[in-house]
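Whatever order the structure lists ligands and atoms in, that order sets their numbers, starting from 1.
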Amino acid sequence: MNSKKIRLKTAKIVLLTLVLVLVITGAVLFFLKGSSKVKVGEHNEIKTEKYFLSKIAYPITKNKTVDAMIATSIQNTKKEFYQKAKKDKPKEPYELTISYVEFKYKDIRFIEFTEYSYTGGNHYKREERSYYFNEKTQEMMQFKDFFLEGKDYLNEISNLSKEKVLQYASLKGKTFDEAWVGRGTDASEENFKHFYLHDKGLTIIFPPYKVSSWADGEVRITIPFGEINRYLKEEYRGKVEDGNERPNVTRPKIDLGYTKGKKLLAITFDDGPSQNTKHLLDELQKKNARVTFFVLGNRVSSYVDTIRREYEEGHLVASHTYSHLNLLKLPDAALEREITGSSDAIKNVLGEAPIYIRPPYGSINDRIKSQSSMYTILWNIDTQDWKNRNSDMVYQTIVNNAKDGSVVLLHDLYASSVDGALRAIDTLKEQGYAFVTIEEMRTLKGLSLDKMKSYTSFGNK
Ligand code: ZN
């Protein structure tokens, strides 16, 4: 081979190598560009200064109101943080990280911001900010906008959240303080500000310290659609998996403001429902009076519509056990059946198990209380209505003995009981009484009940 040929060959190799390098570089650049591509409509900024580091990301949503709110909030946070850093001149730089996550469900965009700032001390400060809006109408949304108006969705979400937070804790092998969880999941909009809907249901975010200690971190729970569809507005309902949908019955939201300054009476009806209950419900509705029904589990399937009406009209449906036996005389297995048999029957038609029980004949002891794990409610005004079957006597007994906080025992099996009670309501209304359920009484009196006690009436705290 002469030197000319060698040079030519070398030139070819160099050229080929060059082409190869170019192709590879191009490909690498192409892929790099693809993966590091900044999301359309996002703002990113990083600052590293002597006294602080900050890393901030936020979306540009094209919704003017939302963008303005986000910008203002971030400006304020930044300003405060930078000023503090400049003033304190910390040895270890302060840190501010603002990041967000987005979710889309139907036309709704959910944006959840988390701001972490470290300005000395033991731990980061953490703030959550959430923005929700409809991309079609551009309207901003709040938690309440997803639920049916006039329905008691807040109590429902509160109960479900509490249950699921405690489940979460036990799954993680932790013990959360029940009172703390109760406060953090209490029925107030404020507790459910951070949430999003998705194809599985409603996820609620409880930031650290909301339902347990800081060390326990953030808690997220998901309520499947089957459990809340009935409270969600139609357009936000989702698919229910494994057919676990709760019955489509909802409780009304009762504004208890009207009871202010009034004496409270809890009228209760045991042993029902019966054919007299419908008339009773019609009249109670006219009189704006609510009562408590301690129903028998074995009557539920015969009176499904009546029990649903009781619930949907704001009365309290509670348990009077399954078949009205004297619980003191029952061995554990039979006792269990009397209690859960009734609770299951009620849950089947209302989607919610009762938490109040009245043992037949008022027979109760600690063994029964701990097995039922419900609140035991007795009475302090006994009308003897089952014996006298006389509406005048029923009426007189109630009117003569009524006191603020009293609990009246009646049975809706008898027309005379229903009639006497309705007349007593009219008379006592004129004497400044309001008629509430056991649960409303407990709320209005500010009492937290103990499952190991029995209650015959309710005084003020
Ligand atoms: Zn009874």
Self-check item: Side-chain donor-acceptor pair present, Lys369, Ser454, cut-off under 3.5 Å
Solution: yes
Quiz item: So, Asp271 and Arg299, do they make that salt bridge, N to O below 4.0 Å?
Solution: no
Exercise. With sequence neighbours excluded, tell me which residues meet side-chain hydrogen bond (donor to acceptor under 3.5 Å, both in side chains) with Thr306.
Key: none
Quiz item: What salt bridge (Lys or Arg N to Asp or Glu O under 4.0 Å) pairs are there with at least one residue in residues 323-346, not counting sequence neighbours?
Solution: Asp332-Arg367
Practice problem: Hey, could you give me each pair passing salt bridge (Lys or Arg N to Asp or Glu O under 4.0 Å) that has a residue in residues 106-120? Not counting sequence neighbours. | Solution: Glu102-Arg109, Asp107-Lys136, Arg109-Glu135, Glu115-Arg129
Exercise. For the Zn ion (ligand 1), count the protein N, O or S atoms found under 2.8 Å away.
Key: 3
Practice problem: Using the six-membered ring of Tyr375, assess whether NZ or CZ of Arg442 lies under 6.0 Å from its centre and within 45 degrees of the ring axis. | Solution: yes
